Amino acid sequence: MVNTPESQTVLAEKTALYPKQVGHWIGNTMVGSESLAEFEKRNPHNGEVLAQVARGAWVEVDRAIENAVTLFPQWSQTPIVKRSEILRSATQLIQERSHEIAAIVALETGKSMKDALGEVSAAIEMGYFIAGEGRRFYGRTTTSAVPNRMAMTVRQPVGVCGLIIAANTPIANVAWKVYPALLCGNTAILKPSEDTPYSAVWFAQRLAEAGLPEGVLSVLQGHGEDVGAPLVEDPRVDLISFTGSEPVGRYIQKTAGERLAKVCLELGGKNALVVCDDANLDAAVESAVLSAFSNAGQRCAAGSRVVIFDSVYDAFKQKMIAQTQALSLGNQDDNDYGPVINETQLTQMLQAVEKAVSEGASLLTGGFRLVDDTHQGGYYMAPTILENVRPDAPISRDELFGPITCLYRVPDFEAAIQLVNDSPFGLTAAIHTKSLHRANRFQELACTGVVSINGPTYGSEPHMPFGGLAASGNGFREAGTEVLDVYSEWKTVYTKIDPAEV
Ligand code: NAD
């Protein structure tokens, strides 16, 4: 990326779309905090302050929960087709203004407009897919063992939902939770990441414009412990749906689980991509580079471990280093990826690499912050590849959520699958092979929620379920029709018919 006069002009135009003050969204209005407390939101591309954001506290959480409780009877009894029409209309408004929301996402995250537009279109597809479910809200009808009795199942809403999300793909993360939560008849309080406050409010504004009644959806800004934790702890909140890190997920499972609230967790990954001796090496390198570095490695499905058969290890390594060193970083459409989300995240990455090297890892490329004129002040980390790391070393096991990957040499398929499954996480895995037999064996044996054959470790689609095993989640799947199981509960209905009354 380049800080040329033209790119500065584009940045200035985009910045004009971002309010200098970002508030909560409560009662279909953007409001500040009662305490007047604020925090700074910085642009990851140059480190400059983008906005002052209202820092929420218990008083705002309480107001939003009260609204959600009050509105629940009305919204849950609104016919689902009507609810889905509101969601569809909001999606149409988002589609009409997709460049505007993409510019907001690009500013918040530092990613290019091209990547931001891709993310916006994923959110739009999710909107249309979920709105369509309003006319397919199927249950089951079946027979009964009892004479003159009918049996069926219907879905019912869960209640008040606390939706807590991460910053990596902000508008898609919002869409994945808000659309199905509202479709199913729940009221909701959305707590976006402190790094991406405005995209969530902008989304809520489109829903309001499309006719969502005041109070059905609130957006609360602030830090996890100030705004997220009270949602997790409050007995009026029936469901917590969380996308974020494993430690926070464990706290939520324990705390909300203790009060028997429903909990859906979409957590991290340490996803492996296997390169077999019969792989198309060029295609495998391309997938490995995209998996490791696209979106600056800030994907739960990022390919942070590359497991390579011994006989092709050196050839693969050379090609991967060359392709990695050719990547360009910046916030323009011809750049490959942008900055990480904040300074703290960048510092943690650099420290993790330094520690791994001090413990014997070899740094093949990267491992440093970009501080040249074009990346001045931004949170840019060079794409980083390590080798000679132990499978039990922290760099092999901890999710870093940045542009860092490790290479592992294995003798054969058995050793590869063993390494793939030697992880606390179980989100995604990929294999590159021409063998149908290997590919099928791999998808059987990989202990993950998603398997990709001859592709990257990421790439979920809105009509397909997504989620992981072990420390990657707690068994729920988001997206697909499977997401309806998060935001609704089954009710079994028996009807007795009296033939004498006919
Ligand atoms: P994080 O856990 O630090 O924060 C996520 C959200 O939780 C934020 O909104 C934050 O404010 C909130 N939070 C923090 N502490 C809290 C607390 N005590 N109580 C309630 N809420 C709290 O995660 P992050 O660093 O922002 O995001 C990266 C993580 O998200 C990675 O682990 C990544 O793998 C994961 N992620 C998972 C998926 C998935 O679908 N599985 C998708 C995207 C990101």
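Numbering of ligands and ligand atoms starts at 1, following listing order. Keep in mind it's a predicted model, so treat the numbers as computed, not measured. These values consider heavy atoms only, across backbone and side chains, with no hydrogens, waters or symmetry-generated copies.
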Original post:
Just wondering, more than 12 heavy atoms not from E444 lying within 6.0 Å of its CD?
Top reply: yes
Original post:
How would you list, by chain and number, the residues with a heavy atom under 4.0 angstrom from ligand 1?
Top reply: I164, I165, A166, N168, K191, P192, S193, E194, G224, G228, A229, F242, T243, G244, S245, V248, Y251, E266, L267, G268, C300, E399, F401, F466
Original post:
Pick one: which of W176, Y179, Y198 meets ring pair (Phe, Tyr, Trp, His ring centres under 6.0 Å) with F203?
Top reply: Y179
Please tabulate, for side-chain N and O atoms in residues 460-469, each donor-acceptor pair with protein atoms closer than 3.5 Å (sequence neighbours left out).
none

**OP:** Keeping to residues at least two apart or across chains, list the salt bridge (charged side-chain N to carboxylate O under 4.0 Å, His left out) pairs with something in residues 106-116.
**Re:** K111-E119
Original post:
Among all residues two or more places apart in sequence or in another chain, which pass the side chain to side chain contact (heavy atoms under 4.5 Å, CB included) test with L363?
Top reply: V353, V357, T384, L386
Original post:
Between D226 and K191, does at least one N-O distance fall below 4.0 Å, as a salt bridge requires?
Top reply: no
